[in-house]
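First the structure, in the form of structure tokens, and then the observations on it.
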Number of protein chains: 2
Amino acid sequence: MTEENLKLYADEVNCPVRNVLDRIGDKWSMLVVLLLHDAKVMRFNEIHKTISSISQKMLSSTLKTLEADDLVQREVYPVIPPKVEYQLTARGESLVPHLQSLMHWANENFDEIKQTRSNYGS
Amino acid sequence: MTEENLKLYADEVNCPVRNVLDRIGDKWSMLVVLLLHDAKVMRFNEIHKTISSISQKMLSSTLKTLEADDLVQREVYPVIPPKVEYQLTARGESLVPHLQSLMHWANENFDEIKQTRSNYGS
DNA sequence: CGGTATCCCCAACGATACTG
DNA sequence: CAGTATCGTTGGGGATACCG
């Protein structure tokens with residue numbers, strides 16, 4: 001059991017955790033997923049206004065990656081001006097509880113960790 | 001409820017998830033935490049041999065960061081040659097279930113996601 | 001053994017300008 | 001409105017050498 005895990009961790013390419021985290025663990029992906037979970041459906045610029053600090057380029061590429069993993073679904077309406085809506089897929093939704101689990105831990109421990117960090121070095 | 005979340009996500013500095021993920025979401029931290037959880041106690045070179053693809057520099061800095069957040073405890077034995085042991089703190093252990101939750105999702109969805117990725121573009 | 005110090009490189013990310 | 005294209009920066013991370 002433990003031995004198998006050790007091998008798994010050591011395997012760069014085939015470790016599922018690392019493979020998924022390489023995608024979701026970037027600067028914006030997790031945030032977008034949680035946001036879309038709350039909002040259900042959002043247009044490109046809606047997301048952009050909500051996460052105002054993201055650049056247009058990064059939002060675009062983040063959404064593309066999420067779409068490539070079938071975590072987000074993109075729907076284009078052939079109207080002028082263009083209208084594109086994004087929402088989570090079933091797979092995307094299935095990821096959310098795990099992210100929320102992590103989020104709750106972060107919320108509960110954030111203050112203490114900040115304290116720990118500032119004390120570090122004493 | 002939703003509105004509050006939106007504000008929270010948009011706040012770069014004070015968002016707990018992002019703050020924690022900035023630390024734990026790097027290339028090695030999560031791996032080291034899961035490994036130490038399995039092994040209970042490990043010496044520096046034991047970790048290094050297990051995760052052989054990590055450089056000495058990165059292992060050192062990863063452990064330092066984890067220690068600064070009080071997720072990992074470092075114990076030095078004043079012997080020659082030096083002996084240093086690492087193990088998770090209580091806070092570190094409290095994080096593990098959430099990482100495992102994410103790991104299980106990754107394990108279950110890894111194959112399908114790989115498939116999705118290779119199909120992408122069709 | 002358990003690290004630093006140093007050098008170097010690339011990919012992630014941002015800013016700005018442009019377009020269908 | 002919803003993006004691309006292009007350029008520039010920076011810091012995460014690796015390789016190697018050295019040290020207490």
Side-chain angles (χ1 to χ4, degrees), chain A residues 9-10 12-13 15 18-32 35-36 39 41-69 72-87 120-121, chain B residues 9-10 12-13 15 18-32 35-36 39 41-69 72-87 120-121:
Chain A
Y9 298 156
E12 289 236 24
V13 181
C15 175
R18 298 184 57 177
N19 215 285
V20 169
L21 214 77
D22 279 351
R23 295 284 195 127
I24 212 78
D26 69 351
K27 195 169 180 181
W28 302 108
S29 294
M30 186 169 161
L31 205 61
V32 170
L35 178 58
L36 284 178
V41 179
M42 286 185 101
R43 299 179 62 171
F44 186 89
N45 271 354
E46 283 186 280
I47 305 177
H48 198 189
K49 278 172 204 160
T50 306
I51 312 176
S52 54
S53 48
I54 195 175
S55 69
Q56 213 169 13
K57 175 189 171 186
M58 285 314 298
L59 179 54
S60 175
S61 80
T62 298
L63 287 167
K64 261 190 190 167
T65 303
L66 292 173
E67 196 194 353
D69 283 4
V72 160
Q73 184 191 347
R74 177 174 183 267
E75 185 141 11
V76 184
Y77 296 87
V79 294
I80 296 179
K83 174 177 174 179
V84 181
E85 285 184 347
Y86 294 90
Q87 60 186 307
Y120 197 70
Chain B
Y9 299 156
E12 291 237 24
V13 181
C15 176
R18 299 185 58 177
N19 215 287
V20 170
L21 215 76
D22 279 352
R23 296 284 195 125
I24 211 78
D26 69 351
K27 194 170 180 181
W28 302 108
S29 294
M30 185 169 160
L31 206 60
V32 170
L35 177 58
L36 284 179
V41 179
M42 288 185 100
R43 297 178 63 170
F44 187 88
N45 272 352
E46 283 186 280
I47 305 177
H48 198 189
K49 279 172 202 159
T50 307
I51 313 176
S52 54
S53 49
I54 195 175
S55 67
Q56 212 170 14
K57 173 190 171 187
M58 285 314 297
L59 179 54
S60 175
S61 78
T62 299
L63 287 168
K64 259 190 192 168
T65 304
L66 292 174
E67 196 194 354
D69 283 4
V72 161
Q73 185 191 346
R74 177 175 184 268
E75 185 141 12
V76 184
Y77 297 86
V79 295
I80 295 179
K83 174 177 175 180
V84 180
E85 285 183 345
Y86 294 91
Q87 59 186 307
Y120 197 69

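Order of the sequence lines fixes the chain letters, A, B, ..., with proteins taken first and strands second; residue numbering starts at 1 for each chain.
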Let me know the distance between CG of D26(A) and C1' of dG12(D), rounded to the nearest Å.
14 Å

H48(B) NE2 to dT4(C) P, straight-line distance once rounded to whole Å:
14 Å

d(CD, E67(B); C1', dG3(C)) in whole Å:
13 Å

Closest to side chain of P81(A), choosing from dC1(D), dG13(D), dC13(C)
dC1(D)

In this structure, how many angstroms lie between the P atom of dG13(D) and the CG atom of L59(B), rounded?
13 Å

Does the side-chain contact (heavy atoms from CB on, under 4.5 Å) test come out yes or no for R23(A) and D69(A), once each step is laid out?
CA-CA 9 Å; R23(A) 295 284 195 127; D69(A) 283 4; 3.4 Å; yes

Expressed as a whole number of angstroms, how long is the span from E75(B):CD to dC1(C):C1'?
16 Å

Taking the side chain as C-beta and beyond, is there a heavy-atom pair between Q87(B) and L36(B) under 4.5 Å?
no

Going by the rule salt bridge (Lys or Arg N to Asp or Glu O under 4.0 Å), which residues pair with K57(A) if we only count those two or more places apart in sequence or in a different chain?
none

What do the steps show when you test L35(B) against I47(B) for side-chain contact (heavy atoms from CB on, under 4.5 Å), and what is the final call?
CA-CA 8 Å; L35(B) 177 58; I47(B) 305 177; 4.0 Å; yes

Review item, nucleotides 2-4 of chain D N/O atoms under 3.5 Å of protein N/O:
from   : atom 1 : to     : atom 2 : distance (Å)
dA2(D) : OP1    : R43(A) : NE     : 2.8
dA2(D) : OP1    : R43(A) : NH2    : 3.1
dA2(D) : OP1    : V84(A) : N      : 3.2
dA2(D) : OP2    : N45(A) : N      : 3.1
dG3(D) : OP1    : R74(A) : NE     : 3.4
dG3(D) : OP1    : R74(A) : NH2    : 2.5
dG3(D) : OP2    : Y86(A) : OH     : 2.5
dG3(D) : N7     : Q56(A) : OE1    : 3.2
dG3(D) : N7     : Q56(A) : NE2    : 2.4
dG3(D) : O6     : Q56(A) : OE1    : 3.2
dT4(D) : OP1    : K64(A) : NZ     : 2.8
dT4(D) : OP2    : S60(A) : OG     : 3.0

Those residues that, when tested against R74(B), pass side chain to side chain donor-acceptor pair (under 3.5 Å) (two or more places apart)
Y86(B)

To the nearest Å, how far apart are W28(B) CH2 and dG14(D) C1'?
10 Å

Flag, side chain of D26(B) to backbone of S29(B), donor-acceptor distance under 3.5 Å:
yes

Rounded to whole Å, please give me the gap between CD1 in I54(A) and P in dA12(C).
14 Å

What is the separation between atom NZ on K27(B) and atom P on dC10(C), rounded to the nearest whole Å?
14 Å

